[in-house]
There are 2 protein chains.
Amino acid sequence: MTCDITIKDVAKEANVSVATVSRVLNGLDRVSDQTRKKVLKVVKELNYVPNTMAASMITKQTQMLAVVVPEIENPFYTSVIKGTVNVAKEKGYHTFVFSTNDSESEEDAFFESSLRRNVDGIVLIGAHKDPEFYQKMNKPVILVDRYIDGCGLDGVIIDNFGGAYEATKYLIEYGHRDIAIITGPQTFNDGTERHWGYQQALKDNGIELVNDYQKHGDWFENNGYQSTKELMKLTKPPTAIFAANNLICQGTIKALRDLELTIGLDVSLVGFDANDLAEFVKPRVSVVKRPTYEMGTHAAEMLIEKLKQVDKHDSFPKKVTLGVELLKFGSVKYLG
Amino acid sequence: MTCDITIKDVAKEANVSVATVSRVLNGLDRVSDQTRKKVLKVVKELNYVPNTMAASMITKQTQMLAVVVPEIENPFYTSVIKGTVNVAKEKGYHTFVFSTNDSESEEDAFFESSLRRNVDGIVLIGAHKDPEFYQKMNKPVILVDRYIDGCGLDGVIIDNFGGAYEATKYLIEYGHRDIAIITGPQTFNDGTERHWGYQQALKDNGIELVNDYQKHGDWFENNGYQSTKELMKLTKPPTAIFAANNLICQGTIKALRDLELTIGLDVSLVGFDANDLAEFVKPRVSVVKRPTYEMGTHAAEMLIEKLKQVDKHDSFPKKVTLGVELLKFGSVKYLG
DNA sequence: TTGAAAGCGTTACCAC
DNA sequence: GTGGTAACGCTTTCAA
């Protein structure tokens, strides 16, 4: 548990040179079995733990990654974090978790800080909208969930369009035509693609788009809550709502509860992404489920793979799209 | 955004020595205004970012902290993390987040890893039960939520006993006598103190303890769910339940819902710690609220304060207890 | 197979 | 005020 034992102490105690100790510990060069054992014994006796920072100065590798997310209290992000951290741990990397509050300037702070230098690569759910920001990365970066076209980076995203399309189509198939969407800003692909999927499903089924049925706010619960209240106040309220992320969906559920409207009876509802409330209420709310944990594991694997590629011929950016699944429960009324 | 500019490049470009550049950047020694400006200009032009690892090798300080928690997906812990990280950021520290899955061996892995060496101090919600583990820390550590007596470390905890006592007393005052508790293991003070508070309140009011009414499992939702079902199957089921943490409470709420029992009517319920479901259901569930975010901020402040104390005369361990608040809603039936 | 020594990018001490 | 340089703990040639 001590910290002040250095490689020199080990070398002295084992009657070998520091070079030999280093070789034993890193196992690259070969060392006679005898000296190896001797060194290892002393290492254990002295409880020696190498100073990785000193090593990093030479090798230019830290065995540390960073995962940068907009918000550490959103369960979606913690799930991605968990996936990333677990894979990283497995492969011998430590992971920094950094939360930006979805602010460009806080994200800048991370990238300008020395911290950035201390990591070998980054899993990033970015706050920046401009491709330029991403183009000037000089470290391996894997974008997750949000992908900025033309940024030149690898990414792991999900089928936002497909998920939204399926969700909307499902409502249409159950006879709904007055279908609202509550979604976040159109800043990133998540927002635009889900909105687009919703619109396309309506168009494909000959249903006209109604402006009042399309609510854009932020991605937080209160947007879901307020927007739902506004929707239900319309002269002709929608018969179904598509809530485009986990928190918005929770807000919608709360609003409907407060309006004393029964889900699946008075109003039909489909959410995007699992959430506590959707699973709790009866009838359970249908949602588009996405592989959150796997987004993290996938990103970490891609990142570490990239780190290993010694031949750094800037290959073309690789974008992996993971599929989603529509889970149908009783929250959608059949209108015939 | 480049990383390969060193202090030497700056020195050369500015026609000064590296020592001077270092002085300008660290601002300790004094430098003439003229050279200071010259150096600062070059620093900006070259986009120089100091290599903090190299500095750390000399100063033995990294400006990095670690916050070690049992589980990153429990909202209680993310709230503590957020508090810690925010204060740390404010004071110029970066923070590592490390999740142990509440396993002693994973916690060992953290403390044995070189990572530990790279941080100046640690905010710890420990998995270890033995004081010995904590005694051999050779870094400043602040224990949060769980405190091991005799460990010799500082800690930030909450009034578990008082919270549980108040919750139980509240049930008693509303006329309940058949009061059950669903709680976690007695491993740490959180479990023992809450259980003790429950028992003491009953005793103080002349109510006999019933073994069947005291359920011990883990701190997860499923324990709340299963234990509630068992309780309600008893020949004489309790009229009220005290759920001793956030996840257990969620489990209890789900079980009562599945049993088609109405909270506050068929069964009364008080939780410990806020949670999504308790806030959602009608009537809203009364809970003992604790200052989760503040536990994090407090711990970070104490830790950084400790780091600044040059005179490291091992002072007596300092244990700070933060108060809790009983929030009363409609989940408790008045039995007269 | 092993050791000596040159760095890695800083800080801190000692001169001037 | 400023510059030279040893030192931090390690890896990695280059010789032996």
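The sequence lines fix the lettering, A, B, ..., with proteins before strands; numbering per chain opens at 1.
As a whole-Å value, the separation of A/Met57 CE from D/dC10 P is 13 Å. Atom C1' of nucleotide D/dC8 and atom NZ of A/Lys8 are separated by 8 Å, given to the nearest angstrom. Per the geometry, CE belonging to B/Met53 stands 23 Å off P belonging to D/dA7, to the nearest Å. Counting to the nearest Å, the P atom of C/dT1 and the NZ atom of A/Lys38 are 15 Å from each other. The NZ-P distance, from B/Lys12 to D/dG3, rounds to 15 Å in whole Å. With rounding to whole Å, B/Asp4 atom CG is found 14 Å from C/dC8 atom C1'. Spacing between atom CZ of A/Arg30 and atom C1' of C/dT1 amounts to 9 Å, rounded to whole angstrom units. For the pair A/Gln61 CD and C/dC8 C1', the interatomic distance rounds to 14 Å; values are reported in whole Å.
Take the nearest nucleotide of DNA chain D for B/Ile58 and for B/Arg36: the residue whose nucleotide is more 5' is B/Arg36.
Judged by a 6.0 Å distance limit and a 45° cone about the ring axis, B/Lys139 is not positioned over the six-membered ring of B/Phe111.
B/Asp102 and B/Arg146 are joined by a salt bridge, as a carboxylate oxygen and a charged side-chain nitrogen come within less than 4.0 angstrom of each other. The residues B/Asp4 and A/Lys60 are annotated as not salt-bridged, no charged nitrogen and carboxylate oxygen being separated by less than 4.0 angstrom. Salt bridge B/Asp154/B/Lys319: absent, no basic N to carboxylate O contact under 4.0 Å.
B/Ala19 comes within 4.0 angstrom of a base, heavy atoms only. When heavy atoms are screened at a 4.0 angstrom cut-off, B/Thr52 is found touching no nucleic acid atom at all.
Residue A/Asn51 has no polar side-chain atom (N or O) positioned under 4.0 Å from OP1 or OP2 of D/dC8. Between B/Thr6 and the phosphate of C/dG9, there is no side-chain N or O to OP1/OP2 separation shorter than 4.0 Å. Contact check, A/Lys60 against D/dT11: no side-chain N or O comes under 4.0 Å of OP1 or OP2. The phosphate of C/dG3 (OP1 or OP2) has a side-chain N or O of A/Thr20 nearer than 4.0 angstrom. Checking the phosphate oxygens (OP1, OP2) of D/dT12, no side-chain nitrogen or oxygen of A/Thr59 falls inside 4.0 Å. Applying the 4.0 Å criterion to OP1 and OP2 of C/dT11, one finds that B/Ser22 has a side-chain N or O inside that range. Not one side-chain nitrogen or oxygen of A/Ser56 sits closer than 4.0 Å to the OP1 or OP2 atom of D/dC10.
For C/dG3, its base sits under 3.5 Å from the side chain of A/Arg23 at one donor and acceptor pair at least.
Of the candidates D/dT11, C/dG3, C/dT11, the closest approach to any side-chain atom of A/Ala55 belongs to D/dT11.
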Can you give each donor-acceptor pair under 3.5 Å made by side-chain atoms of residues 292-303 of chain B, sequence neighbours left out, with the distance rounded to 0.1 Å?
residue, atom, partner, partner atom, Å
B/Thr292, OG1, B/Ser79, OG, 2.8
B/Tyr293, OH, B/Asn86, ND2, 2.9
B/Thr297, OG1, B/Glu294, O, 3.0

